[in-house]
Amino acid sequence: MSFNTSLNYQAIVKILGVITLIVGISMLPALFCAHIYKEPSSFKALLISSAVTIAAGGLTVLLIRPVKAKFRAREGYLVVALCWIIASLFGTLPYYLSDYTNSFIDGFFESTAGFTTTGCTSIGAGIMPNSLLMWKAISHWLGGMGILVFVISILPTLGINGQMIARAEAPGPVLEKMAVRMSDSAKILYLMYFSFTVIEFVMLALSPSMSPFDALINTMGSISTGGLVAHPNGIAYYNSVYVEIVISVFTILASVNFVLYHYAIKRQWKYVLKDIELRAFLRILIGAVLLCTLGLYFLGNAPSFGKALRDSFFQVISVATTSGYSSADYTLWPVLCQMILFTLMFIGGCAASTCGSIKVIRIVVLLKLIGRGFYKRIHPRSVVAVKLRGKAVPAPVVSAITVFILMYMGLFLFSCLILSLQNLDLETTITTSAAMLSNTGMAFGQVGALGNYSMFGGGLKLYLSLLMIVGRLELFTIVILFTRNFWGRDR
């Protein structure tokens, strides 16, 4: 096999330096938090981690000269994969150096869960100090919209075209630009993301059951659909309908295609209201809430219909948006409700949002493709296109979506086989695989509602970390690196 030697390594290393520098600077608020809450072990760990990371990133940015580079598809995939791995590796340092993890692998798992917004843990919120909670919340916030979305906005100053990077990193089957230049689109996305963050923080801070610190942690955890909690009991700790509604609303907002907000600002409401993915997503939420409520009330032990509705509403939205919060122990719910939640883990939210999993638009296209199959059985000579908004979806897009879903399910089954080496029960094994690949973080069985994966061995934790990154980057960006063609002759 011949290896390609024409990759623009100078531009790739430059971008990796920028990412490392951003990660290092992002540790400073957590360092300040360690000082405020008088956590000497965490303060020392964050001080060393931020110094090392900022120095590594800063020196790389300064020593590598700016270069005019238009990225090709191969370089885009490579730089995106490396950026997420590099961010997770440097993000491991605060956990590892603070002695709150048993090994570097545990720290890497925690860091990867943060940046991929999976929200699970191998440490537990109960023993994690406030400063490390702050660092994990920051990593959630950075990973929610995508670190590279921010980097794309500054790439023109480095002389690098970010189109291919955006295609490799964007969470959805079609990347729709909101502005002529990709960098301008990235700036618009982050402006809306930041605005939602500020609004939610203010609303949560108004709750008498939340301190400003808790409001900040829960804001960054929910707007990124990461699901980070500040207490071992999760959202149930606050016992507040107001808190549950605010978090639910903003996780839904974060799971909607952010392009639609751009159209809403421009007052193009007709485009927003007719968006087939948004309407399908809302219908899925409403239907799942109703079914779970009825199941919990008639088959479960809910004391009242109102309580069943409240628990079902929050838990369904939590799973459907892949945020992974829990306000009740859903592992004790009727099997009907558990199956609904498990199904929602595979669907996820909308394309170009902060959530993970397959995405609603792909499910819509798949259902239309199945419907076309039935129609052609009856009318074999007919030529029927898969249509969205009255327009035919291009055959390459339909093919790509079909391949993605088949590959997703194949990787899910393969991961179940790998995780079976731990010899845990079937429920834990299957739901863990789905939780990691969908970036939901919550599973059934021994993992429990709070997503504690400490029972897995070191080797499997590394595999779970890789699975989280694969799920966050929608399979191809990572898997393609292991193919012969990627490293073959120049294309």
Side-chain angles (χ1 to χ4, degrees), residues 1-16 19 69-89 112 115-118 143 146-149 151-152 155 160-176 182 346 348 351-352 356-359 361-362 365-366 394-415 417-418 433 436-439 462-491:
M1 179 175 65
S2 61
F3 288 90
N4 176 56
T5 58
S6 63
L7 292 173
N8 196 325
Y9 292 108
Q10 189 173 351
I12 291 174
V13 173
K14 184 83 171 181
I15 294 175
L16 293 179
I19 288 290
K70 184 174 182 179
F71 266 40
R72 295 164 297 178
R74 174 182 288 151
E75 290 162 325
Y77 285 121
L78 182 61
V79 77
V80 168
L82 289 177
C83 280
W84 282 87
I85 293 172
I86 289 293
S88 298
L89 284 172
T112 306
F115 281 109
T116 59
T117 71
T118 306
I147 313 173
L148 280 163
V149 173
V151 174
I152 288 167
L155 285 182
I160 299 171
N161 184 297
Q163 180 71 33
M164 288 301 176
I165 299 176
R167 286 181 181 175
E169 207 267 350
V174 178
L175 181 65
E176 187 171 358
M182 185 59 63
F346 286 94
S357 203
I358 292 177
K359 303 291 191 307
I361 190 64
R362 290 192 178 102
V365 172
L366 178 65
V397 175
V398 176
S399 176
I401 289 174
T402 305
V403 170
F404 177 90
I405 294 176
L406 290 174
M407 187 176 172
Y408 192 97
M409 299 309 298
L411 185 56
F412 163 69
L413 294 174
F414 176 76
S415 297
L417 182 63
I418 295 296
S433 179
M436 297 293 98
L437 193 56
S438 65
N439 299 131
L462 279 179
Y463 180 79
L464 292 176
S465 300
L466 176 63
L467 199 59
M468 284 187 270
I469 296 176
V470 170
R472 177 59 182 82
L473 298 180
E474 303 218 320
L475 311 188
F476 289 105
T477 303
I478 296 294
V479 176
I480 200 172
L481 301 182
F482 296 93
T483 63
R484 181 187 298 267
N485 288 335
F486 182 86
W487 300 102
R489 64 182 186 276
D490 185 38
R491 293 183 185 276

query = Are the side chains of Ile361 and Ile401 in touch, meaning some heavy atoms are under 4.5 Å apart?
reply = no
ask   = Can you name the nearest heavy-atom pair linking Cys83 to Ile15, along with the distance?
value = SG-CG2, 3.9 Å
ask   = Mind checking what makes side chain to side chain donor-acceptor pair (under 3.5 Å) contact with Ser465, not counting sequence neighbours?
value = none
ask   = How many angstroms lie between OG in Ser433 and CG in Leu417, if you round to the nearest 0.5 Å?
value = 10.0 Å
request  = Would you please name every residue forming a side chain to side chain donor-acceptor pair (under 3.5 Å) with Tyr408, sequence neighbours left out?
outcome  = none
request  = Please list, chain by chain and in numerical order, all residues satisfying side chain to side chain contact (heavy atoms under 4.5 Å, CB included) with Ile469, sequence neighbours excluded.
outcome  = Trp84, Ile85, Ser88, Thr112, Thr116, Leu473, Ile478
ask   = Roughly how far apart are Ile358 CD1 and Glu474 CD, rounded to 0.5 Å?
value = 10.0 Å
Contacts of type side chain to side chain contact (heavy atoms under 4.5 Å, CB included), residue Leu366, not counting sequence neighbours = Ile370, Ile405
query = Heavy atoms, side chains only, cut-off 4.5 Å: are Phe476 and Met407 in contact?
reply = yes
note = Between the OG1 atom in Thr117 and the CZ atom in Phe115, the distance rounded to the nearest 0.5 Å is 11.5 Å
ask   = Residues two or more places apart in sequence or in another chain: which of them pass side chain to side chain donor-acceptor pair (under 3.5 Å) with Ser357?
value = none
request  = Rounded to the nearest 0.5 Å, what's the gap from CG on Leu467 to CZ on Phe414? Could you check?
outcome  = 10.0 Å
ask   = Which heavy-atom pair separates Met468 from Thr118 by the least distance, and what is that distance?
value = SD-OG1, 3.3 Å
ask   = Which distance, rounded to the nearest 0.5 Å, do you find between the CD1 of Ile19 and the CG of Leu82?
value = 11.0 Å
Those residues that, when tested against Phe346, pass ring pair (Phe, Tyr, Trp, His ring centres under 6.0 Å) (two or more places apart) = Phe342, Phe412
